[in-house]
There are 2 protein chains.
Amino acid sequence: MHQRRSPGQRAGLTRADVIAAARELLDERGLEALTMRALAERLDVAPNALYAHVASKTSLIDDVLDDILAEVEASAPDDGDPRAGLHALMSSSYEVLIAHRDLVPLYLARQGARGPHAQRLGQIVLGQLADAGVSGTSAHEALRVLIVYTIGFAAFATRPPIAAADNAVPPAAEELRSNFDEGLRWLLTGITAPA
Amino acid sequence: MHQRRSPGQRAGLTRADVIAAARELLDERGLEALTMRALAERLDVAPNALYAHVASKTSLIDDVLDDILAEVEASAPDDGDPRAGLHALMSSSYEVLIAHRDLVPLYLARQGARGPHAQRLGQIVLGQLADAGVSGTSAHEALRVLIVYTIGFAAFATRPPIAAADNAVPPAAEELRSNFDEGLRWLLTGITAPA
DNA sequence: ACCTGAACACCGTTCAAGT
DNA sequence: ACCTGAACACCGTTCAAGT
């Protein structure tokens, strides 16, 4: 169960191992189960051994968040309808976020990670916006709005319904999904409308 | 500095005192300084004394979040332009959120609090949507989208800029503010457009 | 009902020492 | 450079006891 090594013996860990184990722990037992100590136990290592591969828990989570963004299906802008391309990319992002419910608030707090995968997605969106005739300041505004809307909606969808309405029936997952699509269409209509 | 009472002596705390002290602590020292122990010290009480007034730290934070929503300027729908009314209400919400940066991720995680103030704001929005000719399922969808957008954008605005763009200059507060307004107009245009 | 004292079962992180 | 052992400085919360 516990450590089988004496000081000086190596476990052969890599940074990638730590990130992968963190993702497994997250998937299996949720966000609050992700502690450095639990992570160390899963890797059969003393808690502080992790600090040879990771600067802090915060930076570890940053890496995990960006790592997950690799799952977003993003084809580079092609010759099709750029509006459809944008819709598809944001839809895929939404689904990846929903698949990792626990992490959504963390994406929000860090606004969607700053790693290489996040940067790549941002570039693709800007490319598609350019194809749709939106560039410069407007394009950067639109990018921000789209990111905010998508993560925000995912945050919304991964929690029990707000009791704002009258007799409010809790919305089902498909209902929220079409709600997301509807709002996204509103946004894309506004963004690509002639000024 | 510390306790001046022996067991059995009362400090005269009320639930409202605890919430108020939590808000002060938050304003003065930020989210991570809000611990039950720090709160107890501020109230000159033993840490566990708080549990006579509050079920848990989580429920205390719920109360604080709803309490803050009382600051949103929300006049009931009048005879003016309902679009302008909606814009004003969401703008005021945005400003209240920005004024409490640390809490924005928490609003997201709980999707905007479920207390009486949140419910009141929800009702006002639904009323204004009805005045704009939006009702039923569409109105509830629109309410969700507006909440998501506003809290999401606030989350976005209270963090350093994402490094998604090319040579990205970090956006200033006023820039983000007008970005928020622009996206909000896009949404309200889409929401109130004839189907 | 409201409080204290003491404790429980945790955290993330650092430091010194081994190889 | 990578690991262990031990510790530091915290957490939220519970339990028993006082009035």
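First the proteins, then the strands, lettered A, B, ... as listed; each starts at 1.
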Atom pairs, N/O to N/O, protein against nucleotides 13-17 of chain C, distance under 3.5 Å?
unit_1, atom_1, unit_2, atom_2, d
dT13(C), OP2, Tyr51(A), OH, 2.5
dT13(C), OP2, Lys57(A), N, 3.1
dT13(C), O5', Tyr51(A), OH, 3.2
dT14(C), O4, Asn48(A), ND2, 3.2
dC15(C), N4, Asn48(A), ND2, 3.4

State which residues pass side-chain hydrogen bond (donor to acceptor under 3.5 Å, both in side chains) with [X]; sequence neighbours excluded, sorted by chain then number.
X: His100(A); answer: Glu71(A)
X: Arg37(B); answer: none
X: Thr14(A); answer: Asp17(A)
X: Arg185(B); answer: Glu182(B)

Establish, with yes or no, whether the OP1 or OP2 oxygen of dT4(C) is under 4.0 angstrom from a side-chain nitrogen or oxygen of Ser6(B).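 No.
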Distance check: side-chain N/O of His53(A) vs OP1/OP2 of dC3(D), anything under 4.0 Å?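 So the side-chain polar atoms of His53(A) do come within 4.0 Å of the phosphate oxygens OP1 or OP2 of dC3(D), strictly under.
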Listed nucleotide nearest any side-chain atom of Arg5(B), set dC11(C), dT4(D), dT4(C):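 Among dC11(C), dT4(D), dT4(C), the one nearest the side chain of Arg5(B) is dT4(C).
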For atom P, what is the distance between dA9(D) and dA9(C), given to the nearest Å?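 22 Å, rounded to whole Å.
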What pairs with [X] under side chain to side chain contact (heavy atoms under 4.5 Å, CB included), at least two apart in sequence or on another chain?
X: Ala49(B); answer: Val45(B)
X: Thr137(A); answer: Glu141(A)
X: Glu95(B); answer: Arg177(B)

List the residues meeting salt bridge (charged side-chain N to carboxylate O under 4.0 Å, His left out) with Glu32(B), not counting sequence neighbours, and say none if there are none.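 In terms of salt bridge (charged side-chain N to carboxylate O under 4.0 Å, His left out), with neighbours along the sequence ignored, Glu32(B) is linked to no residue.
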Results of salt bridge (charged side-chain N to carboxylate O under 4.0 Å, His left out) for Asp62(B) - residues two or more places apart only: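 Asp62(B) satisfies salt bridge (charged side-chain N to carboxylate O under 4.0 Å, His left out) with Arg110(B) only.
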Please convert DNA chain C into dot-bracket. A pair counts if it is Watson-Crick or G-U wobble with both distances under 3.5 Å; crossing pairs go in [ ] and bases paired with another strand get |. ||.|||||...|||||.||
Send over the distance from [X] [atom1] to [N] [atom2], rounded to a whole Å.
X: Asp44(A); N: dT4(D); atom1: CG; atom2: C1'; value: 13 Å
X: Glu41(A); N: dA9(C); atom1: CD; atom2: C1'; value: 14 Å
X: Leu43(B); N: dC2(C); atom1: CG; atom2: P; value: 15 Å

Listed in order of residue number, which residues of residues 10-34 of chain B have a non-hydrogen atom at under 4.0 Å from DNA chain C?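 Within this stretch, Arg10(B), Ala11(B), Gly12(B), Leu13(B) sit under 4.0 Å of the strand.
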Tell me whether Glu73(A) at atom CD has more than 12 heavy atoms from other residues, nucleotides or ligands lying less than 6.0 Å away.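 Incorrect, the count does not exceed 12.
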Is there a side-chain hydrogen bond (donor to acceptor under 3.5 Å, both in side chains) between Asp181(A) and His87(A) once you walk through the steps? CA-CA 8 Å; Asp181(A) 282 329; His87(A) 196 106; 3.0 Å; yes
